[in-house]
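What you see below is based on every heavy atom in this structure, not just the backbone, and it leaves out hydrogens, waters and symmetry mates. Model, not experiment: these values are computed from the prediction. Letters go in sequence order (proteins before strands), and every chain restarts at 1.
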There are 2 protein chains.
Amino acid sequence: MSSILYSEIFEQPGAVARVLTESVSEVQALVQAAKRADVRYIALAARGTSDNAAIYAKYLLQILCGVPVLLTAPSVHTLYGATVDYRGALVIGVSQSGAGEDICEVVSAARKAGAVTAAITNTEDSLLARTAEHVLLCRAGREVAVAATKTYTTTLTIFALLAAAWSEDTAFGAALQGVPEAAQSALSVAEPVVSAVAQTLFHAEKMVTAARGANLSTAIEASLKIAETTGTTTQAFSSADLLHGPIASVEARTPCLLFAPAGKSSENIAELAGKLSGRGARVITFSPEPGADVPLVSPAHELLSPLVDILPAQLLAYYLTVARGLDPDNPRGLSKVTITR
Amino acid sequence: MSSILYSEIFEQPGAVARVLTESVSEVQALVQAAKRADVRYIALAARGTSDNAAIYAKYLLQILCGVPVLLTAPSVHTLYGATVDYRGALVIGVSQSGAGEDICEVVSAARKAGAVTAAITNTEDSLLARTAEHVLLCRAGREVAVAATKTYTTTLTIFALLAAAWSEDTAFGAALQGVPEAAQSALSVAEPVVSAVAQTLFHAEKMVTAARGANLSTAIEASLKIAETTGTTTQAFSSADLLHGPIASVEARTPCLLFAPAGKSSENIAELAGKLSGRGARVITFSPEPGADVPLVSPAHELLSPLVDILPAQLLAYYLTVARGLDPDNPRGLSKVTITR
């Protein structure tokens with residue numbers, strides 16, 4: 001239990017509480033600037049785990065604020081040298097290290113074109129922080145484990161702060177304050193269950209994850225985390241897309257991790273669970289409902305569940321790694337900072 | 001060889017030639033309307049194979065026209081009932097059947113909000129065609145095989161026509177006219193090679209596909225096609241993302257199909273090929289270079305290669321299906337039209 005990854009997973013409730021307090025004025029200043037500029041849409045530039053956080057933002061900001069959200073394709077700039085006309089946009093680069101040159105290039109080009117620009121980063125003295133006009137800090141403390149955990153959840157928290165300030169939805173804002181407590185109890189409740197589930201799953205060579213709507217980020221991030229730490233082949237799907245075709249390739253006994261938080265996606269996930277079970281797949285539901293395979297703790301607003309629901313999946317990645325006899329802090333073939341040119 | 005899928009694959013050069021001639025005025029009218037409205041960005045709503053075509057459009061329109069492109073998340077509307085402010089946008093729904101209610105809902109909401117709206121569909125008398133202001137027809141003829149082929153390439157062709165009209169890039173427009181011929185020779189050149197490759201691959205339980213930039217659409221569509229028709233577990237990656245972490249989960253002997261057309265992505269793909277080979281993966285390159293495992297035919301403009309490079313992958317899906325003793329026209333667990341609510 002002396003793993004760095006394990007420690008960092010449990011640092012998250014405190015890190016989220018810190019960012020809720022200390023980053024709120026940075027977020028408010030950005031929202032004021034964006035509204036003054038009559039921004040028509042938000043463009044997010046990110047890779048890897050940060051890109052998964054951006055997927056949450058895509059749902060959250062569109063649903064709560066009604067503002068269209070675009071995920072950039074950084075290679076449009078870096079590989080093809082294109083000049084995209086970002087007038088009328090708020091462009092946010094997301095990178096925990098702040099070192100991703102491709103992300104910085106998108107933000108830099110947008111700033112020159114007159115867009116409102118911001119950085120979400122855990123590294124105050126980084127290229128990205130120097131490139132963007134506004135800096136929103138994750139304040140997660142130094143992240144040492146190669147598999148990112150606390151920079152992911154603090155990035156989600158910054159997006160939730162942004163949505164709260166933009167929408168002026170006071171119920172959402174109030175619910176957001178309860179996330180650290182929900183996160184704490186989610187870890188406590190899930191850990192014994194997840195460690196037992198890991199014992200039954202660690203031989204699996206393939207796994208599928210699925211969710212719908214705002215928790216698609218959870219399915220994709222869980223898939224990445226398990227692949228990174230354990231080397232398992234994982235596939236993440238929107239439950240709608242999975243039903244659309246790829247379900248044909250899910251074989252009998254394949255573990256399928258389905259995220260079914262309380263709320264609007266639960267019916268769709270139940271339909272998927274039925275069809276996967278019918279194909280002989282091994283369905284493992286993450287849900288706050290009684291009888292779930294892995295219990296979830298619901299925050300006070302449905303759209304905040306991705307901040308909490310990823311925690312049992314991170315723990316599962318950790319326990320799968322241990323069960324396989326691997327070092328959770330040194331996954332094979334990975335480095336902490338990947339720079340894409 | 002009497003399969004419908006096989007016949008439809010070979011109908012594509014003719015279908016692309018038809019859409020180049022017959023749909024051009026529809027596209028020009030749309031571009032004029034979008035420019036009149038001073039559109040700031042384009043939003044695309046699609047699922048499944050149509051969504052893969054939208055990924056091509058995301059790269060092509062940003063690179064050639066400098067216009068930002070957003071892929072919508074239909075569940076934002078259908079599941080959460082959100083109202084997204086699409087003022088200043090051109091919103092295009094893409095659906096070969098035109099029956100996708102979620103896609104229609106996005107387009108309908110955008111049209112009410114005053115956005116310029118369009119449908120790309122193969123079905124003239126469809127809900128989507130009735131919902132959008134502008135209709136761009138694929139003119140692919142009735143597609144009977146469950147695995148979409150000719151509606152995919154004709155949709156790409158419509159996006160290429162759109163990019164040509166929007167950018168007024170005459171070199172690109174001229175190169176586009178040569179695509180049917182390139183497609184015809186791509187099929188002829190690839191078929192004997194692909195049928196032999198399929199014999200060596202058909203036992204594989206997992207496959208990886210990768211590309212970068214505009215051909216990301218090709219990697220994702222190839223992955224979907226092989227998964228749908230053969231039931232193989234497939235994973236599609238941007239080569240940049242694969243190097244970012246998931247490469248750790250690629251096991252020795254896993255077939256990795258790498259799309260390396262001539263142009264800006266080829267260096268990155270070569271780097272990936274080296275790293276995958278170093279891990280003991282079985283690298284299969286699709287490239288116009290001598291020594292490629294599967295030969296590609298290059299159209300006269302790099303950004304048109306996705307219209308041609310998908311053809312050998314479709315043939316591979318077909319020959320893998322046959323080699324496995326499956327019926328290519330009746331994949332297990334799939335229906336032609338999936339309606340997501």
Side-chain angles (χ1 to χ4, degrees), chain A residues 40-41 43 47-48 51 58-59 62-64 66-76 79-80 82-89 102 205-206 212-214 216 224 227-228 230-235 238 240-241 243-251 264-265 268 279 331-334 338 340, chain B residues 40-41 43 47-48 51 58-59 62-64 66-76 79-80 82-89 102 205-206 212-214 216 224 227-228 230-235 238 240-241 243-251 264-265 268 279 331-334 338 340:
Chain A
R40 283 295 165 88
Y41 66 99
R47 279 203 183 278
D51 201 34
K58 178 175 171 174
Y59 283 87
Q62 295 196 122
I63 295 167
L64 210 64
V67 58
V69 177
L70 173 166
L71 305 192
T72 67
S75 72
V76 163
L79 204 61
Y80 296 96
T83 307
V84 176
D85 178 6
Y86 282 122
R87 283 176 303 143
D102 50 346
E205 289 178 11
K206 294 196 281 198
R212 190 155 185 227
L216 181 58
L224 175 62
E228 278 183 342
T230 68
T232 309
T233 297
T234 57
Q235 297 176 292
S238 143
D241 288 337
L243 288 166
H244 222 105
I247 195 169
S249 73
V250 178
E251 291 166 359
K264 298 192 176 56
S265 67
N268 195 269
R279 297 183 67 87
R332 302 161 297 179
L334 289 183
T338 307
T340 307
Chain B
R40 284 295 166 89
Y41 66 99
R47 280 203 183 278
D51 202 32
K58 178 175 170 175
Y59 284 86
Q62 295 197 120
I63 295 167
L64 209 66
V67 57
V69 177
L70 174 165
L71 305 191
T72 67
S75 72
V76 163
L79 204 61
Y80 297 96
T83 307
V84 176
D85 178 5
Y86 283 122
R87 283 176 303 143
D102 49 348
E205 288 179 8
K206 294 197 280 199
R212 190 153 183 229
L216 182 58
L224 175 61
E228 279 183 343
T230 67
T232 309
T233 297
T234 58
Q235 297 176 291
S238 144
D241 288 338
L243 287 165
H244 222 107
I247 194 170
S249 72
V250 178
E251 291 166 0
K264 298 191 177 58
S265 68
N268 195 269
R279 298 183 66 89
R332 300 160 300 179
L334 290 183
T338 308
T340 308

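Heavy-atom pairs under 4.5 Å with chain A peak, among Ser238(B), Ala89(B), Ser265(B), Ala73(B), at Ala73(B). Of the listed residues (Leu71(A), Asp51(A), Val84(A), Thr234(A)), the one with the most heavy-atom contacts under 4.5 Å to chain B is Val84(A). In terms of heavy-atom pairs under 4.5 angstrom with chain B, the leader among Ala214(A), Pro68(A), Gly48(A), Ala82(A) is Pro68(A). Residue with the most contacts toward chain B among Asp241(A), Thr233(A), Leu224(A): Thr233(A) (heavy-atom pairs, distance under 4.5 Å).
When heavy atoms are compared at a cutoff of 4.5 Å, Val250(B) does not approach chain A at all. With a threshold of 4.5 angstrom between heavy atoms, Thr72(B) approaches chain A through N, CA, C or O but not through any side-chain atom. Residue Leu216(A) does not touch chain B at all, counting heavy-atom pairs closer than 4.5 Å. Contacts of Tyr41(A) with chain B are made by side-chain atoms alone, with heavy-atom separations under 4.5 Å and no backbone atom involved.
Side-chain contact between Val69(B) and Leu70(A) is absent, with no heavy-atom pair separated by less than 4.5 Å. In this structure the side chain of Arg212(B) reaches within 4.5 angstrom of the side chain of Leu79(A), judged on heavy atoms.
Expressed to the nearest 0.5 Å, how far OG of Ser75(B) lies from CD of Gln62(A) amounts to 9.5 Å.
Between the side chain of Lys206(A) and the backbone N or O of Gln235(A) there is no donor-acceptor pair closer than 3.5 Å. Between the Arg279(B) side chain and the Ile247(B) main chain, a donor and an acceptor come within less than 3.5 Å of each other.
In this structure Glu205(A) satisfies the salt bridge (charged side-chain N to carboxylate O under 4.0 Å, His left out) test with no other residue, sequence neighbours excluded.
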